[in-house]
Each structure stands twice: as structure tokens, then as C-alpha cells.
Amino acid sequence: MEHLIKVYNNISRKKETFVPINSPFVGMYVCGPTVYNDVHLGNVRTFVSFDVIYRYLQYYGYKVRYVRNITDVGHLTEDENAEDKMLKQAKLMQVEPMEVAQLYTNNFHEVLYLFNCLPPNIEPIATGHILEQIEMTQAILAAGFAYEIDGSVYFDVEKFNKKVGYGKLSGRKIEDLIANTRDLDGQENKRNNLDFALWKKANPEHLMRWKSPWGEGFPGWHLECSVMSTKYLGANFDIHGGGMDLKFPHHECEIAQNQAATHYEGARYWLHTNMLTVNGQKMSKSLGNGFLPAELITGDHPVLERGYAPMVIRFFMLQTHYSSTLDFSNEALDAAEKAYFRLMNAWENLNKLSLTPNANLQDAAEMEEVNRLCEACHQSMNDDFNTAMTIANLFELSRKINAYNDGKLALESLDEPTFARLQATYNDFIQVVLGLKNEQKEQGGKLTDGLMDIILDIRKAARENKDWTTSDLIRDRLNTLNVVVKDAKEATTWSVN
RNA sequence: GGUCGGAUGGCCGAGUGGCUAGGCAGAGGUCUGCAAAACCUUCUACACCAGUUCGAAUCUGGUUCCGACCUCCA
């Protein structure tokens with residue numbers, strides 16, 4: 001049995017055994033959002049994926065320091081004015097740029113909380129690390145891999161490529177890049193189109209500006225991640241994550257900066273989550289084809305037939321491996337919703353079961369099967385955090401659990417350690433590792449429960465008298481209120497849909 | 001054009017050189033006053049063309065189609 005975690009490392013393009021630099025400590029850095037507007041669902045997917053990775057690494061026994069930044073320095077928009085996104089939004093809203101940042105940082109936190117993502121251990125913000133960014137720029141200048149022109153400092157990609165090598169992560173060759181870069185505004189004073197800004201001189205009207213050895217300006221986009229990962233995790237740490245779309249140029253530039261300043265590439269394992277698509281097209285802020293998490297929850301969007309609970313959406317996302325694209329459709333969400341409630345139902349059933357061990361009834365084959373499935377949950381997570389496979393294993397266990405609950409299989413065929421393992425594994429993987437919560441739970445309330453008891457008692461009496469008209473009337477009327485009544489053998493249960 | 005990644009049954013989606021993914025939907029059955037739930041059984045697969053192999057959907061080469069990145073994006 002293999003008990004080591006394997007991860008697909010984008011820098012080697014291979015699945016590798018995960019070996020922390022300083023076990024049991026693990027450092028993980030994930031690129032966070034730019035807080036100039038609402039997070040959309042694609043962002044949520046990435047952070048849910050890394051949330052599960054964070055959760056599993058901890059469950060596995062590692063002491064993880066999870067750092068996820070907030071980018072609150074704006075970067076260039078695609079329009080020809082090359083306007084800073086933070087500033088553009090601030091002007092639009094007629095507020096301070098930092099108010100924009102605060103507003104959408106709050107929104108970001110609320111959304112991730114809704115999706116049951118654990119907060120990172122450190123959430124550094126770019127504007128809180130201007131000094132460090134100036135220092136790293138100086139270090140890169142001192143190493144000879146950057147140059148200053150007119151109050152801006154640029155990374156010298158060509159020189160770096162000759163001496164160290166550029167393009168390892170994305171597999172790009174510098175000659176191809178030179179042939180293909182476009183001319184962008186505000187870049188005319190760079191030596192080479194490929195060069196990227198470490199520090200930009202601020203125009204007189206630019207609101208976000210800081211003093212530096214090169215005059216007033218603001219840091220380049222790629223720099224903050226190099227700086228903050230180095231500051232909180234060291235120059236050489238374990239995992240760096242982010243969306244696939246950050247692979248180039250963002251992460252490539254980060255690696256170059258890291259190497260120029262510290263000689264290390266930064267992280268040893270580079271993990272990228274794939275994109276969310278709508279009708280086969282990437283969901284992105286720029287394309288405007290995304291919906292907001294709130295819209296998906298309420299169903300208030302033209303392409304959505306109805307809303308889905310946050311946990312249903314989280315479950316839906318985890319049914320796919322993080323490295324595959326995930327396409328959104330009402331059909332897929334409906335299927336996921338049914339599956340999710342089945343899982344939750346089995347979970348409830350499991351926690352109602354209690355075993356009185358009986359050595360005479362124990363069945364070695366049955367115990368082996370349960371143990372095998374429990375083991376498989378670990379194995380599938382060890383295999384590059386394969387949540388889809390883990391969920392499949394949990395469904396196999398669900399079938400068992402339901403059979404025990406129904407009496408179709410004797411719970412006594414298990415001995416105590418096997419039953420305890422089943423309970424622990426099932427509870428842990430759903431709750432601790434996958435971070436799912438039971439959405440059904442929050443209904444009822446004392447008064448409702450009491451009223452339902454009365455109603456169902458009356459119905460029970462009717463059924464005992466074979467007064468099917470009355471019993472069916474009660475059930476049908478409750479149904480119109482979305483209350484579903486189920487007559488199981490022992491008792492009648494109800495739930496709100 | 002360059003770089004990278006895909007193509008799996010009605011749908012969503014894992015995985016693998018020979019052995020059931022899983023979920024949703026469909027069919028049959030058990031249970032039930034009926035219904036629901038649950039359980040059991042079951043039907044649809046691995047883009048195309050070559051090659052390697054005892055054996056390939058899984059490896060190799062080619063073809064077609066699709067997507068991402070190459071400008072900010074998770």
C-alpha cells in the first residue's frame with residue numbers, strides 16, 4: 001500500500017511524491033484575487049480546490065502554513081488607456097481605492113465563508129508590503145537582472161534567460177515570445193517587449209503611489225507574490241498554487257524574480273487548477289460570461305433555471321479533479337444536487353447506527369470490504385488530491401451504510417474496530433477533508449417540530465384505521481408546502497425540500 | 001503562428017496495458033395500503049487511422065476537432 005502523497009508538479013510535468021522540505025511543516029502559497037470587483041465562480045473553484053488540499057495536508061498530519069494574498073494594487077486593463085483596475089473602479093464608485101479594496105475583500109471573505117473554505121493562516125496584502133517590494137527590486141537590480149529607466153524598473157528577461165533560463169514552467173522559448181509579443185501602451189521605454197515592470201513610475205493623476213529610490217510609483221504585479229511568499233514561507237518552500245491562467249506570465253515571472261533575488265525558484269511543487277467553463281468557454285471576469293456566486297445560489301441569472309445551495313456547488317466542484325476543466329450546466333448541477341443529498345442522507349443514517357458487537361455474526365469478507373473502501377478514500381486523496389475518486393469511494397460506502405440502516409445487511413457483520421473506522425472515515429472525509437456540511441439540517445425549529453409531531457401523530461392514527469383518504473390528504477397538503485413525508489418501517493420522517 | 005492540455009456510454013465526470021469508477025437519467029425487481037426513500041439487478045463507452053504488444057480505450061506516431069495561455073484574469 002502506498003501511503004505517500006503524489007502531486008502533479010507543473011514545473012516537471014510529472015506526478016511526483018510529495019516530500020516537504022522541513023516535514024512536518026508545509027508551506028503553501030496560493031495566488032489570491034485582485035479585489036476590484038466581486039469574486040466570480042471561477043475564483044471560488046480555485047480556492048475551494050486549494051481549501052481541500054489544505055484540509056487534506058492537515059488531515060494527513062502536516063503542519064501547514066497556508067498563505068494567500070490579496071492583490072489591492074491595480075494592474076492594467078485591456079483597454080487602450082491602460083488604466084489601473086483598482087483606480088478605474090474607484091473613479092467609477094467615487095471612493096478611495098482602498099475603499100474599493102476593502103469592500104471587495106470583505107465580499108471575497110463572505111463568499112468563501114459561504115462555501116465553507118477555511119481562512120488561510122496568513123493573508124498578506126500587496127500594499128502592506130511596499131517596502132519589501134522595493135527591497136526585492138533593489139536586490140534584483142544589484143544582481144544585474146533589472147534596469148531603471150525614467151523612474152521605472154524593469155526585469156531584464158533576455159539577460160536573465162541567457163544566464164539562468166526563462167520559461168521553464170510554461171515551456172515557452174524566449175525567441176518565440178519575442179516574435180509574438182504585442183506592443184502595449186506605456187511600455188515604450190522598455191528595452192525589450194518581454195521585460196516586465198518591477199516598479200512603475202506613477203503619473204501625476206495616479207492615486208496609489210509610494211515613495212521609492214526611483215521616485216514615486218507603484219509595484220509591478222508579479223513582484224508581490226515573490227515578496228510575500230519569500231517573507232512568510234522562505235525563499236524555498238513547498239507548494240505554490242493558483243489558477244491555470246496565472247501560469248504564464250505571472251508564475252513564470254515570479255520564478256524569474258525569485259531566482260534573480262534569492263537563487264531559488266520559490267516553490268518546489270507548482271499546482272494549477274483548471275478553469276471553469278460555461279458552454280465550453282472559460283468563465284472569466286474579462287469575458288463577462290461568469291455568474292456571481294450569489295447569482296448561482298439564488299438562481300437569479302439568465303442562464304440559470306434555479307438556484308443551488310453553496311454546499312451543492314462545492315460538492316459539484318469536487319466531483320471533478322482540480323486539474324480538469326469543469327463545465328457548468330443546469331443538468332449537471334441538478335445531478336450533483338441529487339447526489340449530494342444522497343450522500344448527506346447516508347451520512348445521517350451512519351450517525352444513527354450503533355453497533356452491539358456479536359462475534360457469531362461477524363463476516364470477514366464484509367469487514368475486509370469496508371476496510372478496503374475506507375483505505376481507498378485515503379488512497380484517492382493521496383493520488384494528487386483526487387476528490388472525484390474519493391467521492392466515488394464514499395458512495396460505495398454509502399451503499400453499505402444504507403443497507404445496514406435498512407437491515408438488508410447486518411451491521412453485526414462488522415466488529416467494533418471496523419465499524420469505528422467506517423464512522424471515522426466517513427465523517428472525516430465528508431466534513432474535515434472535503435469540507436461539506438449538511439444543508440438539510442437547518443430547518444424545523446422547535447415550533448415546527450412540535451407541530452409536525454402533532455400532524456404526523458394524527459396521520460399515524462388514520463393509517464392505523466386504514467383511513468387512507470385522510471393520511472394521503474395530510475401528506476399531499478404537506479407536499480404543497482414542500483414538506484416531504486416518508487413512511488419508513490420504524491417511523492415516519494419528514495423533511496423540507 | 002508558438003506553448004500546453006483535452007476528446008470516455010443519454011448527460012456529468014474518474015481511471016487504467018488484461019479485472020465494476022462514481023453520480024444523474026433509463027429498464028426490471030424487493031419493500032410499501034399507495035407514494036417517497038432505501039436496497040438488488042441491468043442497458044448504453046472510451047474521436048479517427050496506423051503501429052508496438054499475447055493483449056490497448058490505456059503506450060507510440062499521424063489525422064480531425066475542442067479549449068487554455070501567449071494582454072489583466074483563479
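Throughout, protein chains are lettered first and strands after them, A, B, ... in sequence-line order, and every chain is numbered starting at 1. Because the structure is predicted, anything quoted here is derived from the model rather than measured.
A 3.5 Å limit on both hydrogen-bonding distances identifies B:C59 as the Watson-Crick or G-U partner of B:G51. With a cut-off of 3.5 Å on both pairing distances, the Watson-Crick or G-U wobble partner of B:G67 is B:C4.
One atom, NZ of A:Lys282, and another, P of B:C72, lie 12 Å apart when rounded to the nearest Å. The distance between atom CG of A:Asp245 and atom P of B:A68, rounded to the nearest whole Å, is 11 Å. If you measure from atom CZ of A:Phe196 to atom C1' of B:C72, you get 15 Å, rounded to the nearest angstrom. As a whole-Å value, the separation of A:Lys247 NZ from B:U71 P is 16 Å. As rounded to whole Å, 14 Å separates atom P of B:A37 from atom NZ of A:Lys408. Rounded to an integer number of Å, the gap from A:His251 NE2 to B:C72 P is 13 Å.
Each of A:Thr325 and A:Leu246 was assigned the nucleotide of RNA chain B with the nearest heavy atom; the assignment lying further toward the 5' end belongs to A:Thr325.
Stacking of the aromatic ring of A:Phe395 onto the base of B:G23 is not found under the criterion of centres within 5.5 Å and planes under 30°.
For A:Asp487, the side-chain atoms get nearest to B:A35 when compared with the rest of B:C12, B:A74, B:A35. Nearest to the side chain of A:Ala403, among B:C39, B:C24, B:C69, sits B:C39.
Taking side-chain N and O atoms only, A:Arg463 has no distance below 4.0 Å to OP1 or OP2 of B:A35.
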